[in-house]
**Q** 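Pasting a structure here, questions to come.
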Amino acid sequence: MLISYWLRLSVMFIMCSHFLLSQCDNSIFPLDQKMTTHDFMIWNTKNTSIKDDYYHGQAGPKEVEDYRLQTDAEGDLARTISVNIVSELEARYREENSEVRVNTIIDNINSYFSTKLRNTEKIIVEDENKGYTIHLFKCKDEVDSDKIEYKKELNMMVKKYLDDYESQMRKKNYSYAFKPLCKAYLLTKSAFVPMDEESKAQQKLDEYLGNILIEFEPEKIPDCSFGIRAPVVPVVSVSYGDLQNKIPMKSFKLIAKFSKGGNDWRDQKENFTLDRNGKSQIDLGIIESATQNQKVFIYPDTSGFFKDKDFPISNASKRALVKELDGVFKKRKTLEVSLSDKFKIRFTDDSYYLKCPEWLKPQIYDAVQKSLASSEDYELSEEDNINIYELRVTVKDKVSGSYKVSA
């Protein structure tokens with residue numbers, strides 16, 4: 001009875017060790033990483049069966065063994081691993097009758113393994129004619145262990161960010177709650193393993209964005225002139241809640257953007273931060289597009305959220321967040337800007353505007369006045385502000401029987 005018990009216990013221990021300990025034989029890799037093409041062919045043939053325990057990636061041949069060659073090899077190894085993981089996930093999703101987001105999964109896997117490839121074995125093959133080729137090997141058992149550790153780390157980080165979000169919301173620090181919420185959302189969208197927190201982060205983000213209230217004063221700016229600084233500096237107010245219970249989003253960072261037309265902002269975007277009352281002025285700058293009816297909308301600035309020192313954030317997750325914000329804020333209240341049908345012109349007989357011989361001045365002045373009055377594109381204006389075009393006419397005495405006119 002006692003022998004039978006210890007026998008069963010030994011079998012269980014051996015089975016557990018099989019899963020806990022790596023089955024890879026790293027002794028097959030030489031201490032001197034460099035080989036000739038001939039030596040590598042011999043090594044490859046000799047260790048064919050053992051190499052099945054490893055994922056393999058390579059890059060080259062290239063004339064120089066440099067950082068780029070190493071990076072390319074790591075990228076190829078990451079893609080090799082991702083193909084295997086995707087196949088496993090596709091089988092699992094088919095069993096669960098779930099939608100397979102293959103491109104997103106591949107992007108997330110590549111993003112993770114491009115920064116988390118640890119404990120790889122390397123062989124550098126040097127060919128006299130072709131140059132260098134780097135071969136990287138990663139134990140399959142270690143990849144399985146990495147995935148388990150990855151999910152554990154990811155869950156802890158997402159929980160930390162969601163807890164931080166909830167804490168800020170309880171304190172009614174709505175502006176400061178946005179960053180940890182976005183971080184939690186980005187991390188769940190970067191995952192290549194199913195996460196319960198993904199739906200929770202999505203729900204929290206939907207609720208948060210749904211409670212942001214935007215107001216412009218004034219809501220419409222008419223009669224702007226193309227090529228001239230907008231005459232009005234509107235104020236945007238952003239609060240959290242509803243019309244009856246508004247709490248200012250103080251110190252909230254935003255971006256203003258033209259959805260139609262444009263101005264002289266760099267990349268048509270301007271970053272600004274709200275004051276303690278949740279307000280900020282938006283200097284519309286110089287309207288550089290002749291689009292008749294233009295719109296300006298605002299959305300939260302997330303430019304500082306796309307990097308995490310502890311965890312890689314995938315491009316797929318960044319696109320997902322941008323899509324979420326676009327879907328919400330492009331439908332919210334916008335600032336309407338309309339351009340005047342005519343260019344407003346200031347012109348008088350003052351020497352600043354009209355420089356010509358005194359005896360000719362009345363004729364020139366009258367001719368310009370009549371021309372502007374009959375124009376469909378220009379109109380005279382006596383408004384006293386800088387947001388208006390100034391017409392200056394210079395007439396020089398006859399040269400070779402003709403007057404020289406510049407305007």
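What you see is a predicted model; the values in this text were computed from it and never measured.
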**Q** Between Asp76 (side chain only) and Gln58 (backbone N and O only), is there a donor and an acceptor less than 3.5 Å apart?
**A**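 Present.
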**Q** Return yes if a side-chain donor-acceptor contact under 3.5 Å exists between Gln70 and Lys122, otherwise no.
**A** yes
**Q** Using a 3.5 Å cut-off and no angle test, enumerate the donor-acceptor pairs between side-chain atoms of residues 61-68 and protein atoms at least two apart in sequence or in another chain.
**A**
| residue | atom | partner | partner atom | Å |
| --- | --- | --- | --- | --- |
| Lys62 | NZ | Asp66 | OD1 | 3.3 |
| Lys62 | NZ | Asp66 | OD2 | 3.0 |
| Glu65 | OE1 | Lys34 | NZ | 3.4 |
| Asp66 | OD1 | Arg68 | N | 3.4 |
| Asp66 | OD1 | Leu69 | N | 2.9 |
| Arg68 | NE | Asp72 | OD1 | 3.3 |

**Q** Does the gap between the ring centers of Phe347 and Tyr365 come in under 6.0 Å?
**A**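 For Phe347 and Tyr365, the ring centres are under 6.0 Å apart.
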**Q** For Tyr352, does the six-membered ring have the charged nitrogen or CZ of Arg392 within the cation-pi criterion, i.e. under 6.0 angstrom from the centroid and within 45° of the normal?
**A** yes
**Q** As a quick check of understanding, evaluate side chain to side chain contact (heavy atoms under 4.5 Å, CB included) for Cys24 and Asp53, giving each step before the final call.
**A** CA-CA 6 Å; Cys24 297; Asp53 294 331; 4.0 Å; yes
**Q** Check whether the side chains of Asp206 and Gln202 place a donor and an acceptor atom closer than 3.5 Å, and report yes or no.
**A**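 Yes, side-chain donor-acceptor contact under 3.5 Å.
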**Q** Has Thr45 got a side-chain atom pairing as donor or acceptor with Met41's backbone, closer than 3.5 angstrom?
**A** yes
**Q** Between the main-chain N or O of Ser317 and the side-chain N or O of Ser314, is there a donor-acceptor pair closer than 3.5 Å?
**A** yes
**Q** Can you confirm whether Lys318 is buried at NZ, in the sense that more than 12 heavy atoms of other residues, nucleotides or ligands lie under 6.0 Å from that atom?
**A**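 Enclosed.
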**Q** Does Ile282 reach the side chain of Phe272, with side-chain heavy atoms less than 4.5 Å apart?
**A** yes
**Q** Is there a donor-acceptor pair under 3.5 Å between the side chain of Ser237 and the backbone N or O of Lys279?
**A** no
**Q** Compare every heavy atom of Ser175 with every heavy atom of Met249, then report the nearest pair and how far apart it is.
**A**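 Looking at all heavy atoms of both residues, the closest pair is C-OG, 3.1 Å.
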**Q** Does the side chain of Thr36 reach to within under 4.5 Å of the side chain of Val125, using non-hydrogen atoms?
**A**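 Sidechains of Val125 and Thr36: no contact.
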**Q** How would you list, by chain and number, every residue that makes a side chain to side chain contact (heavy atoms under 4.5 Å, CB included) with Val395, sequence neighbours excluded?
**A** Cys356, Leu360, Ile364, Val393, Tyr403, Val405
**Q** Do Thr348 and Asp350 meet the criterion of a side-chain donor-acceptor pair at a distance under 3.5 Å?
**A**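 No pair is found: no donor N or O on one side chain lies under 3.5 Å from an acceptor on the other.
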**Q** If you take the centroid of each ring, where Trp contributes its six-membered ring, are Tyr54 and Phe29 closer together than 6.0 Å?
**A**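 Between Tyr54 and Phe29, which both carry aromatic rings, the centre distance is below 6.0 Å.
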**Q** Under a plain distance cut-off of 3.5 Å, with no hydrogens placed, do Asp326 and Tyr299 share a side-chain donor-acceptor pair?
**A** no
**Q** Taking atom types as modelled, is there a side-chain donor on Asn44 or Lys51 under 3.5 Å from an acceptor on the other?
**A** yes
**Q** Check the side chains of Glu198 and Tyr185 for a donor-acceptor pair under 3.5 angstrom, ignoring hydrogens and angles.
**A**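 Absent: no donor and acceptor within the cut-off.
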**Q** Can you confirm whether more than 12 heavy atoms, excluding those of Lys361, are under 6.0 Å from its NZ atom?
**A** yes
**Q** Please report whether the ring centroid of Phe137 lies less than 6.0 Å from that of Trp43.
**A**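 For Trp43 and Phe137, the ring centres are under 6.0 Å apart.
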**Q** Less than 4.5 Å apart, any side-chain heavy atom of Leu254 and any of Val238?
**A** yes
**Q** With salt bridge (charged side-chain N to carboxylate O under 4.0 Å, His left out) as the test, would you mind laying out the steps for Asp164 and Lys160 before giving the verdict?
**A** CA-CA 6 Å; Asp164 189 11; Lys160 171 183 172 296; 5.6 Å; no
**Q** Any sub-3.5 Å donor-acceptor pair from Asn84's side-chain atoms to Thr80's backbone N or O?
**A** no
**Q** Distance-only, no hydrogens or angles: does the Asp301 side chain make a donor-acceptor pair with backbone N or O of Lys253 under 3.5 Å?
**A**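 Absent.
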**Q** Which residue pairs pass the ring pair (Phe, Tyr, Trp, His ring centres under 6.0 Å) test when at least one of the two sits in residues 197-219, sequence neighbours left out?
**A** Phe178-Tyr208, Tyr208-Tyr240
**Q** Please step through side chain to side chain contact (heavy atoms under 4.5 Å, CB included) for the pair Asn119 and Lys138, ending with a clear verdict.
**A** CA-CA 7 Å; Asn119 302 326; Lys138 173 71 175 175; 4.1 Å; yes
**Q** Would you say that more than 12 heavy atoms from the other residues, nucleotides or ligands in this model lie under 6.0 Å from the NZ of Lys355, or not?
**A**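 No, because the 6.0 Å sphere around NZ of Lys355 holds 12 heavy atoms or fewer from other groups.
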**Q** Do the side-chain N and O atoms of Ser338 and Asn293 include a donor-acceptor pair separated by under 3.5 angstrom?
**A**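 There is no such pair (donor and acceptor under 3.5 Å, judged by atom type) between the side chains of Ser338 and Asn293.
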**Q** How about NZ on Lys295, more than 12 heavy atoms from neighbouring residues, nucleotides or ligands closer than 6.0 Å, or not?
**A**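 Not buried by this count: 12 neighbours or fewer within 6.0 Å.
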**Q** Mark yes or no for whether Gln294, through its side chain, and Thr291, through its backbone, hold a donor-acceptor pair below 3.5 Å.
**A** yes
